[in-house]
Amino acid sequence: MASPGSGFWSFGSEDGSGDSENPGTARAWCQVAQKFTGGIGNKLCALLYGDAEKPAESGGSQPPRAAARKAACTCDQKPCSCSKVDVNYAFLHATDLLPACDGERPTLAFLQDVMNILLQYVVKSFDRSTKVIDFHYPNELLQEYNWELADQPQNLEEILMHCQTTLKYAIKTGHPRYFNQLSTGLDMVGLAADWLTSTANTNMFTYEIAPVFVLLEYVTLKKMREIIGWPGGSGDGIFSPGGAISNMYAMMIARFKMFPEVKEKGMAAVPRLIAFTSEHSHFSLKKGAAALGIGTDSVILIKCDERGKMIPSDLERRILEAKQKGFVPFLVSATAGTTVYGAFDPLLAVADICKKYKIWMHVDAAWGGGLLMSRKHKWKLSGVERANSVTWNPHKMMGVPLQCSALLVREEGLMQNCNQMHASYLFQQDKHYDLSYDTGDKALQCGRHVDVFKLWLMWRAKGTTGFEAHVDKCLELAEYLYNIIKNREGYEMVFDGKPQHTNVCFWYIPPSLRTLEDNEERMSRLSKVSVICPPWPPKVLRLQA
C-alpha cells in the first residue's frame with residue numbers, strides 16, 4: 001500500500017534551514033522511503049538528517065512537537081488557507097489534533113491520510129487478483145504484533161500504521177470471491193452514509209439531538225410498512241441492532257399485548273406462555289425466550305416439509321396440545337427465508353391459524369424481506385400483511401452495510417406502551433415540537449446508533465427499481481447455479497425443485513462415495529467432506545470440502 005500520505009514526512013523548514021548539506025536529495029529519499037516502507041521511512045529519514053529528535057528549525061531551540069505544529073501551518077488566517085504542507089506525524093499525538101489550538105492543518109492532514117488508507121482498501125477489495133484474506137491464526141497475530149493497551153500515548157505515525165495493519169488482516173467482505181455469512185459486498189453509497197453518520201456522531205433517542213435522522217427513520221419505516229401491505233403505512237417500528245433483537249422485540253410486545261401486567265409484575269404474574277416456530281427457524285427465537293424469562297422449553301418447534309416450510313397442520317396440533325396442558329399460546333413466528341434452505345413458510349395458512357386461536361403472528365423476514373422489493377418474487381411472502389409484526393434486515397438481501405435491521409409493528413402505540421419508562425430528564429413533555437418524534441422511549445436501548453441513513457441514502461440513489469433489479473439478479477444467479485449443478489456428476493441436490501431464494505443447497509459426492517448405497521453410513525461419511533452452507537447475497541453458493 002502507498003504511504004499514509006504524500007509529501008507529509010520531511011523534517012526541517014520549507015527553505016531547508018536545519019537540513020543536511022543536500023536537503024532536496026535528503027527530502028526526496030525520505031518521501032521515497034516512506035512511500036515504500038511505511039513507518040520505517042521515518043527511521044531512514046533520521047539516518048539522513050542525523051538525530052531524529054533534532055529540532056526541525058535551525059538552532060534547535062524549539063521542542064520537536066512545536067516544530068511539527070509550525071510545519072503544519074505557515075499562515076495566520078483562520079481558517080487556514082495556505083497550501084498543503086508537510087506534517088511529521090512522529091512528533092504529533094492525538095492531543096495535537098482538533099480541538100487543540102492550531103490543530104486544523106494537522107487534523108486535515110491526518111484525516112486525509114486515514115481516508116487514503118480506506119480508499120486503497122476499498123479499491124483492493126474489488127481487485128480479483130488480491131487475496132480475500134491474509135489469514136493468520138490467532139496466536140500468530142498475537143505474537144507478531146503488540147495489541148496491548150499502554151499507559152502512554154503513541155504518536156500519530158504509529159496510529160496510522162495501526163490503521164493499515166488492521167485492514168491488512170481484515171477480510172475483504174466486498175471482494176468478488178468472498179462467500180460467507182451476512183456481508184453482501186460493499187455499496188459505495190452505503191459506505192459514504194456510514195462515514196457521514198459516524199461524523200455526525202449523534203443519538204436516535206430524541207428529535208432535538210437528531211432531527212434529520214429521526215425524520216428519515218419515520219419516513220423509511222412508513223415506506224417499509226406500506227410495502228408490507230399495511231394500509232397507508234400505518235403502524236410503528238424501530239431500527240434495532242440486528243434481527244435477533246428485532247425478533248426479541250416482537251416476542252416482548254406480543255407478551256405485553258396479551259398480559260400488560262407483565263411489565264410491572266414480571267413473569268410471576270402470568271401463566272406459562274408458549275411460542276411456536278418452525279424447526280428450521282433462526283436460533284434467535286429461543287435466545288429471546290431465554291432473555292425474556294419465558295424459557296427455551298417454552299418455544300415449540302413445528303415440523304417442516306422436505307423443502308423446509310412449516311407444516312400448518314402440525315402447528316395447529318401443537319397449539320391444541322399446549323392449551324390442553326393449561327399453557328397459553330401467545331406467539332407464532334413464521335419464517336420468510338430460512339437460514340439454510342431459504343424456505344418461506346405458508347404465511348396465509350399460518351395467519352388463519354393465528355386468527356382462529358387469537359395468537360400474535362410474527363414474521364421473521366430478516367433474510368427474505370428483501371423480496372418484497374421485487375414484483376416478480378414478492379408473492380413468496382403472500383400473507384405477510386396479516387402479521388402483527390415483521391422483522392426485515394436490509395443489511396442482508398438488500399446489501400445495506402451492517403447493521404440495518406427493522407422491526408415493523410402493525411398496531412401503533414403498542415411498542416411505546418410496552419417499553420416506555422417516562423424518563424423526565426430526557427423525554428420532557430413541554431418541548432415545542434411533536435413529542436411523537438422522540439423515539440427513545442419505545443426502544444429497549446437508550447443510546448441508539450443511526451442505522452437508517454445508510455438505507456435511506458441507498459434508496460435515494462438506487463430507487464425502489466434499483467433494489468428490485470438487485471434482488472431479481474441475485475435470484476436469477478441462484479437459478480442459474482441450480483440449473484448447472486442439478487444434473488452434474490458428483491453432485492446431489494438436498495431437495496428437488498429450484499430454490500425459492502438464493503440458497504442453493506447441494507452435496508458434493510467424492511468419487512469414493514458415489515457407488516455406496518444411500519443409507520445412514522453413507523450420509524455420515526459424506527458429512528465429513530461436505531458442508532451445506534447458506535449463501536448470502538449477492539453471491540449464490542460456495543462449497544466447503
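The CD1 atom of I133 lies 11.5 Å from the NZ atom of K168; values are rounded to the nearest 0.5 Å. Within the model, atoms CD1 of I245 and CD1 of I238 stand 12.5 Å from one another, a figure rounded to the nearest 0.5 Å. With rounding to the nearest 0.5 angstrom, the OH atom of Y218 is 13.0 Å from the OG1 atom of T439. Distance check: T220 OG1 to F453 CZ gives 10.0 Å after rounding to the nearest 0.5 Å. For the atom pair CE of M493 and CZ of R488, the computed distance is 12.5 Å after rounding to the nearest 0.5 Å. Atom CD1 of residue I353 and atom CZ of residue F276 lie 10.5 Å apart, to the nearest 0.5 angstrom.
Shortest non-hydrogen contact noted between T202 and F213 is CG2-CD1, 3.6 Å. Looking at every heavy atom in both residues, V299 comes nearest to L285 through CG2-O, 4.1 Å.
Under the 30°/60° scheme for interplanar angles, the aromatic rings of W367 and H501 are found to lie parallel. Using bins of under 30°, 30° to 60° and over 60° for the plane-to-plane angle, the ring pair F495/Y341 lands in the tilted bin.
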Could you walk me through whether S333 and D364 pass side chain to side chain donor-acceptor pair (under 3.5 Å), step by step?
CA-CA 7 Å; S333 179; D364 178 5; 5.4 Å; no
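Using a cutoff of 4.0 Å between basic side-chain nitrogens and carboxylate oxygens, E412 and R225 are not scored as salt-bridged. For the pair K431 and D438, the salt-bridge criterion is met [side-chain N within less than 4.0 Å of a carboxylate O]. Residues D352 and K355 are not paired through a salt bridge, judged by the lack of any N-O separation under 4.0 Å between the basic side chain and the carboxylate. Using a 4.0 Å cut-off between a side-chain N of Lys or Arg and a carboxylate O of Asp or Glu, K376 and E468 do not qualify as a salt bridge.
Taking R410 as the reference, nothing meets the salt bridge (Lys or Arg N to Asp or Glu O under 4.0 Å) condition, with sequence neighbours excluded. For R317, the salt bridge (Lys or Arg N to Asp or Glu O under 4.0 Å) criterion is met by D314, E321, not counting sequence neighbours.
H280 contributes no side-chain N or O that, together with a main-chain N or O of R307, makes up a donor-acceptor pair within less than 3.5 Å. One N or O on the side chain of H362 and one on the backbone of S389 form a donor-acceptor pair closer than 3.5 Å. With hydrogens and angles ignored, the 3.5 Å screen pairs no side-chain donor or acceptor of T277 with any backbone N or O of S281. N203 places a side-chain N or O within donor-acceptor distance of the main-chain N or O of R448, the cut-off being under 3.5 Å. Although no hydrogens or angles enter the test, the distance criterion places a donor-acceptor pair under 3.5 Å between the side chain of N503 and the main chain of T339.
F467 carries K462 over the face of its six-membered ring, with the cationic atom under 6.0 Å from the centre and within 45° of the normal.
Checked against the 6.0 Å centroid criterion, the rings of Y169 and H136 qualify as a close aromatic pair.
Side-chain contact between L477 and L475 is absent, with no heavy atoms from C-beta onward closer than 4.5 Å.
Residues in residues 189-199 take part in no side-chain hydrogen bond (donor to acceptor under 3.5 Å, both in side chains) pair, two or more places apart or across chains.
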